[in-house]
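Letters A, B, ... mirror the listed sequences (proteins, then strands); counts begin at 1. For clarity, every value in this text was computed on a predicted model and none was experimentally measured.
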2 protein chains.
Amino acid sequence: MNDESFIAGNAKVVRSINRAMILNLIRTKQPIPRTEIARITGLNKSTVSSIVSGLLQENLVYEQLTSDQNVGRNPVNLFLRKNRYYAGAINIDRELATLAVVDVDGSIIGTATLRTSQGDLHGFIRQAIEEIKRLCRENEIRDLEGIGLTIGGIVDPGNRILSYRPGKRWEDFDVCEAIKKEWPELKIVSVGNDAKSCALAELWFGSSAANLSSFVFVLVGHAINSGIVIDDRLLDGGSQASGEFGHITIIEGGEECECGNNGCWEKYASDSATLKRYRERLSGAKNGKVTLKAVIDSAVHGNKVSIATLKETGYYLGLGIANIIRSIDPKAVILSGNITLAWDIIYPEIIKVLKERAFSGRERDIQIMFSSLSENSRLLGAATLVIKEIFDYYRITSE
Amino acid sequence: MNDESFIAGNAKVVRSINRAMILNLIRTKQPIPRTEIARITGLNKSTVSSIVSGLLQENLVYEQLTSDQNVGRNPVNLFLRKNRYYAGAINIDRELATLAVVDVDGSIIGTATLRTSQGDLHGFIRQAIEEIKRLCRENEIRDLEGIGLTIGGIVDPGNRILSYRPGKRWEDFDVCEAIKKEWPELKIVSVGNDAKSCALAELWFGSSAANLSSFVFVLVGHAINSGIVIDDRLLDGGSQASGEFGHITIIEGGEECECGNNGCWEKYASDSATLKRYRERLSGAKNGKVTLKAVIDSAVHGNKVSIATLKETGYYLGLGIANIIRSIDPKAVILSGNITLAWDIIYPEIIKVLKERAFSGRERDIQIMFSSLSENSRLLGAATLVIKEIFDYYRITSE
DNA sequence: GTTAGTTTGTTTGGCGGAAGAACCAAACGA
DNA sequence: TCGTTTGGTTCTTCCGCCAAACAAACTAAC
């Protein structure tokens, strides 16, 4: 066992555990009175009072009297203080970067976009920071606690981008350093994998995940990436490469993939794969640029080719999700990406596959759903990298 | 987030965390002096002394003076007390059950076997308990702390066997109750999945796992089961069905499997699959009962058919291990079962597949190895279910 | 052998923080 | 208006960790 990573307990650690637990309860369950916190946590009322008074002093939390219709003194509800701490968010996608400023409760204050494809990276970062500063000015935000950046590559715990297929130049570039150089006052700068960060965002801000402690978040786009959450914690993997379900072989000897292998899931179920299959079905017809949204739109209006294509995507999605269920056995698989706009078409196909392959009398225990964060999941993912640092986090586990 | 499962911190919890941490250090690193414990844990010397004196009083630990050649007072080394707490172990396999009595340090005191196939289950349990009691008498052990039973099915946290394909009658049978009825004085009775328990045993007693905190343990036998360990904790899964890699599809539309699906990993890489392929290669020749050990034996002596068959098994093992690496990204994949006797034949094949499919410049980070517990892994797995309860276990995690 | 220096382990006092009990506060209702 | 109920605070006690001083046991150097 890796004893060196253990944390010895002492009074201060205990305090920070309990503080984090209470802060987290207020965040997720607000409005919430002190007695309710005591009831849930098992902490003594007096302890809760003491910790909450600290949070009030730090201005992280505020009180509001409300009247319930019950007998007895009315509870003083506690809320998370908004408009106080903000996080900047940058998501790098193949061609477009999205930027945002986000409050600690996950509400997005403002967004902007930027092309990533051309120009040098230092210049790009400078522009991105400029845009974020502009968003701050526009919304009368004096300063940010930090900036989180997400990208569809493997990122190590030291914020270094280890691999990023669509743009190799990112791999030897110290983003963290570059951001800090442009904005030295920032307290937190954090870089993460986009799908993993989305999973974090779903954990922190997703309505569906409110009752889930273990789920797999699948981000379908040009590629398929995913983030695994187990017992409220993100699974990083020994080489920070967990959740590479997109490169699990689903068709032996199938289509070639950039990863060097054949038949990878993402060659069949990603947006690009769907569009490729759509174009193949239309072969002979016009072969212009089609977007996934357009295909889904025409499917909704009854276009048979579109419907057939999307059903096929549902089938392939099902194959990969079956693998996820077999290996991780999560309480839920949460899908995100434009493909979820075609939910009514793909969902029945996914379930059909899972009934054959993965569910064995456990249908009720495993939910397949789409992310409640919809198109914001990537941005919130980046923001969560910063927000989770603001609410510093200890926990006790027993086994 | 699932707040109800959180544990609030207080002085007593702190004590039990630190006690467990120290006990665990003594267990894994013995002999170890107090100062070393203080250094590793970060606890104050006085705290370590206080906790250790408790452990000495409980007789869980003993001291021994040794002289090192260094300057200064010689350290007093601490050791785990043996011959004091014992666990009974029962592993149910398809035809044969193995029984054992095991000391808390994982040393096996005595073993026995019993046929599982015929007779009613109550009678079987009675016999098994009788055998274990006999082992105790023979080794002058007055009583056991508990009994752990493992089986190749899905077991819920309440010790109920939810599914067990080879013998459906186990599924509605309350093993726990039956054991307690036969031996009411037992403090601990625990039932677990065999592969998951093996993973636990590897974590607790495996020499290879000494430096690993995240690995996947793959138990190859009639079927293929596995246990996932992440950050020193076993991954149970939302429905206690994690690690079902054996039923991941590796050949689309391949061989039919009892699980209702086609092309499952275990239909290609399990011992039965290997033997089936061996028999097919020999078609026309004598078709008697062959054991895997015999095939491996003949391969070692140069039999070409055997070698080819085993190489093929290595290839199929590689396919499944690639999936494991893609999904979990563990620090190691640890194989166990008779097939590991052919390590020199299968290992190069496995690595060949992984180089093509799973490693992408990360060869050095992921170890593929066989279990150091060899044929005892199943028995130690069952024993570990009890032993881990003896060393009750709290830990703090930060994130 | 004597003394200085070093390392291990214990003792003592202080302090942070949780628990518990008693107490205060505010609402309702009859 | 006064008991009842529920929410929150105050005060005391107790637990367990820490720091520092101290004791013990050993090496090395003179």
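- Among the atoms of the strands shown, base atoms are found under 4.0 Å from some heavy atom of S46(A).
- In this structure, I51(A) places its CD1 atom 16 Å from P of dG16(C), rounding to the nearest Å.
- For V14(B), counting side-chain heavy atoms from C-beta on, the closest listed nucleotide (dA18(C), dC15(D), dC17(D)) is dC17(D).
- For the pair N77(B) CG and dC26(D) P, the computed distance is 13 Å after rounding to whole Å.
- Phosphate contact (OP1/OP2 of dT7(C), side-chain N/O of N74(B), threshold under 4.0 Å): absent.
- Looking at R19(A) and E58(A), a side-chain N of the basic residue comes within less than 4.0 Å of a carboxylate O on the acidic one, giving a salt bridge.
- Side-chain N/O atoms of K12(A) and base N/O atoms of dG16(C) include no donor-acceptor pair closer than 3.5 Å.
- Nearest-nucleotide positions on DNA chain C for K45(A) and N18(A) put N18(A) closer to the 5' end.
- A salt bridge links D231(A) and R233(B); the closest N-O separation between the charged side-chain nitrogens and carboxylate oxygens is under 4.0 Å.
- When heavy atoms are screened at a 4.0 angstrom cut-off, V76(A) is found touching the sugar-phosphate backbone but no base atom.
- Side-chain nitrogen and oxygen atoms of T35(B) include at least one within less than 4.0 Å of the OP1 or OP2 phosphate oxygen of dG9(C).
- Here K196(A) pairs with D236(A) in a salt bridge; the nearest charged N to carboxylate O distance falls below 4.0 Å.
- Regarding L56(B), its CG atom lies at a distance of 9 Å from the P atom of dT10(C), rounded to whole Å.
- Atom-to-atom, CG of L43(B) to C1' of dG9(C) comes out at 15 Å; the value is rounded to the nearest Å.
- An OP1 or OP2 oxygen of dA18(C) is reached within less than 4.0 angstrom by a side-chain nitrogen or oxygen of R15(A).
- What separates CD of E36(B) from P of dT7(C) is a distance of 14 Å, to the nearest Å.
- dG8(D) atom C1' lies 16 Å from atom CZ of R39(A), rounded to whole Å.
- Between dA19(D) and N44(B), a contact under 4.0 Å exists linking OP1 or OP2 to a side-chain N or O.
- Salt bridge E36(A)/R39(A): present, at least one basic N to carboxylate O contact under 4.0 Å.
- The CD1 atom of I37(A) sits 11 Å away from the P atom of dT9(D) (whole-angstrom rounding).
- Atom pair R73(A):CZ and dC23(C):P shows a separation of 17 Å (rounding to whole Å applied).
- Put simply, R34(A) has a side-chain N or O that comes within less than 4.0 Å of OP1 or OP2 on dT9(D).
- A salt bridge links R34(A) with E63(A): the distance from a Lys NZ or Arg NE/NH1/NH2 to an Asp or Glu carboxylate oxygen falls below 4.0 Å.
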